[in-house]
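For reference, the structure discussed in these notes is given below.
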Protein chains: 2
Amino acid sequence: MDDTPWLDPEERATWFVLARASSRLLERLDAELTEAHDLPLADYEILVSLALAGCDGLRMSELADRALSSRSRLTHRVNRLVERGLVVRAACETDRRGAFARLTPQGRDRLEAAAPCHVAGLRRNLLDHLDRDDQAALRRALGKVRDALGDDLEPLPGMAAVREALRAVPADAGHAGRP
Amino acid sequence: MDDTPWLDPEERATWFVLARASSRLLERLDAELTEAHDLPLADYEILVSLALAGCDGLRMSELADRALSSRSRLTHRVNRLVERGLVVRAACETDRRGAFARLTPQGRDRLEAAAPCHVAGLRRNLLDHLDRDDQAALRRALGKVRDALGDDLEPLPGMAAVREALRAVPADAGHAGRP
DNA sequence: ATGCGATAGTTCAATCTTCAACTACATCCG
DNA sequence: CGGATGTAGTTGAAGATTGAACTATCGCAT
């Protein structure tokens, strides 16, 4: 490590632009969503994951993975979502240590209301500035980085699938329910 | 906004890979630096900015910009660095609202000790996986995004410049000193 | 000069995250 | 079976971040 050469200007620029662009982007998306829907990006991503899981809900640890959150952070955050009535917990039948989180109808509504804002923000702040080649190059390059970092979650299905899954959430969920 | 089309699978993948790669990367770099040198990445970046500013130090707001930190966050963080003896504050002569932060010799040592670890982490977790074309494409694409987000800080000079600047920090700094 | 809006930075309280226990259950192996 | 070890998730306290309010100063226009 001590014989690692310093970065050359291009390497520095690569790191620099990645750090700054992603940080600013996340900051902006979070601010927009929070401002318009009182829903921090972290909560939005929890809701999306739960929506995709449909009425089965998702294990806490699975959810933590998807939301890039530590377990304990997720516990607290889900608590707040439960207080807000957007999520409910359910016990797991087959593994009694386990806990599921599941979207409530209010959670589903909240998510449906916020989704266009998020997508618009993504276009306005990210995608609109990238042509097809830029996007392909980004996916290629960052895909390799992600692999090297041992992150192997597959990309999410889109809003169509979310809506599909959401249709399966019965309008009266929120109390008891399937594990 | 409500007529914004949903993302297609490639757009989703672009966003997904950017979010996950950058988040995991930052997490990893922070963990490595904290583990090995008890210096969170956020603090490391403050120290680098201060080192590049040499013995003049840097205005708090300028430093906040460079460290991607809110003003209030920076105030707290610099307080902790001051408690640790790595940084000192100094008043600004020409604008008495202003405050400068400046590296102490201990801060300089800390930074010099940690820098190889950070560079090695950057190589191992990011740069080693990208060929020249990948890097150029990343800079092109994310440069556009960064511009669109209104972030216009120019890339930092490298460790050579840091060392250069550090040489200018007198060995007995840390008490009074230039604004 | 003087008053007014802008700017630099800090402070304080509320909120959020972290980290290290801790509980409870599962699984493995003899 | 039964004890050891591992895994899922929560808890609670300490520490960090946020955002609004606040202090102090600046710079400009009158």
Side-chain angles (χ1 to χ4, degrees), chain A residues 23-24 26-35 38-46 49-50 53 56-84 86-102 179, chain B residues 23 26-28 30-35 38-46 49-50 53 56-84 86-102 179:
Chain A
S23 150
R24 293 286 199 207
L26 271 313
E27 183 180 63
R28 179 73 61 93
L29 292 172
D30 183 61
E32 288 177 1
L33 219 38
T34 301
E35 162 90 17
D38 189 24
L39 198 64
L41 187 55
D43 284 353
Y44 179 85
E45 302 205 308
I46 289 174
S49 293
L50 291 181
D56 290 341
L58 217 52
R59 286 292 284 266
M60 289 301 277
S61 40
E62 179 69 10
L63 186 51
D65 251 26
R66 295 185 188 271
L68 288 164
S69 178
S70 73
R71 272 135 201 253
S72 141
R73 174 148 106 101
L74 185 71
T75 293
H76 292 304
R77 207 156 253 290
V78 165
N79 283 343
R80 281 168 241 140
L81 288 171
V82 168
E83 279 164 27
R84 295 226 266 157
L86 307 184
V87 165
V88 279
R89 283 168 200 278
C92 175
E93 301 285 310
T94 63
D95 179 346
R96 276 187 304 189
R97 296 167 302 181
F100 280 82
R102 198 156 38 77
Chain B
S23 150
L26 270 314
E27 184 178 63
R28 180 73 61 94
D30 183 61
E32 288 177 0
L33 219 38
T34 300
E35 163 89 19
D38 189 25
L39 198 64
L41 187 55
D43 285 353
Y44 179 87
E45 301 205 308
I46 289 174
S49 293
L50 291 181
D56 291 341
L58 219 52
R59 285 291 284 266
M60 291 299 279
S61 40
E62 179 69 9
L63 186 51
D65 249 27
R66 295 185 188 272
L68 287 165
S69 178
S70 74
R71 274 133 199 256
S72 144
R73 174 148 108 101
L74 186 71
T75 293
H76 292 306
R77 212 157 247 291
V78 166
N79 283 344
R80 279 168 243 141
L81 289 171
V82 168
E83 278 164 29
R84 294 227 268 158
L86 307 184
V87 165
V88 280
R89 283 168 200 278
C92 175
E93 301 283 313
T94 61
D95 179 346
R96 276 187 304 190
R97 294 166 302 184
F100 279 82
R102 197 153 42 74

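Letters go in sequence order (proteins before strands), and every chain restarts at 1. Note that the coordinates shown come from a computational prediction; the quantities given were computed from them, not determined experimentally.
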Restricting to non-hydrogen atoms, name the atom on B:Ala53 and the atom on B:Leu58 that form the minimum distance, rounded to 0.1 Å.
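Smallest interatomic distance, heavy atoms only, reads CB-CD1, 3.6 Å.
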Please name the pair of heavy atoms, one in B:Ala64 and one in B:Ser70, separated by the smallest distance, quoted to 0.1 Å.
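Scanning both residues, the minimum pair turns out to be CB-O, 4.4 Å.
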Taking OP1 and OP2 of [N], is either one under 4.0 Å from a side-chain nitrogen or oxygen of [X]?
| X | N | result |
| --- | --- | --- |
| A:Arg71 | C:dC22 | no |
| A:Arg77 | C:dT17 | yes |
| A:Arg89 | D:dG9 | no |
| B:Arg59 | C:dA8 | no |

Please state how far atom [atom1] in [X] lies from atom [atom2] in [N], giving the value in whole angstrom units.
| X | N | atom1 | atom2 | answer |
| --- | --- | --- | --- | --- |
| A:Glu62 | D:dT7 | CD | C1' | 15 Å |
| A:Asp38 | C:dT15 | CG | C1' | 13 Å |
| A:Leu74 | C:dC19 | CG | C1' | 16 Å |
| A:Arg84 | C:dT15 | CZ | C1' | 13 Å |
| A:Met60 | C:dA24 | CE | P | 18 Å |
| B:Leu39 | D:dA16 | CG | P | 13 Å |
| A:Leu41 | C:dT17 | CG | P | 12 Å |

Kindly write out the residues that satisfy side chain to side chain donor-acceptor pair (under 3.5 Å) with A:Arg59, not counting sequence neighbours, or none if the list is empty.
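A:Arg59: no side chain to side chain donor-acceptor pair (under 3.5 Å) contacts found.
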Closer to the 5' end of DNA chain C via nearest nucleotide, is it B:Asn79 or B:Gly98?
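Looking at the nearest nucleotide for each, B:Gly98 comes out on the 5' side.
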For B:Arg80 and A:Thr75, take the nucleotide of DNA chain D holding the closest heavy atom to each; which residue's nucleotide lies nearer the 5' end?
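With B:Arg80 and A:Thr75 compared, the 5'-side residue is A:Thr75.
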Just do the side chain to side chain contact (heavy atoms under 4.5 Å, CB included) check on A:Leu50 and A:Val87 with the steps written out, would you?
CA-CA 9 Å; A:Leu50 291 181; A:Val87 165; 3.7 Å; yes
Whether B:Glu83 and B:Arg80 form a salt bridge (side-chain N of Lys/Arg under 4.0 Å from carboxylate O of Asp/Glu) is what I want to check.
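Result for this pair is no, no salt bridge flagged.
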Go through A:Arg84 and A:Asp38 one step at a time and tell me if the salt bridge (charged side-chain N to carboxylate O under 4.0 Å, His left out) criterion holds.
CA-CA 11 Å; A:Arg84 295 226 266 157; A:Asp38 189 24; 3.5 Å; yes
Select base, sugar-phosphate, or nothing to describe what B:Ser61 touches, counting heavy atoms under 4.0 Å on all strands.
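Touches sugar-phosphate only.
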Heavy-atom side-chain contact between B:Thr34 and B:Leu39 under 4.5 Å:
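No. Closest side-chain heavy atoms not under 4.5 Å.
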Polar atoms only, N or O, under 3.5 Å: list the protein pairs with nucleotides 18-28 of chain D and their distances.
from	atom 1	to	atom 2	distance (Å)
D:dT18	O4	B:His76	NE2	3.3
D:dG19	O6	B:Ser72	OG	2.8
D:dT25	O2	B:Arg97	NH1	3.3
D:dC26	OP1	B:Arg96	N	2.9

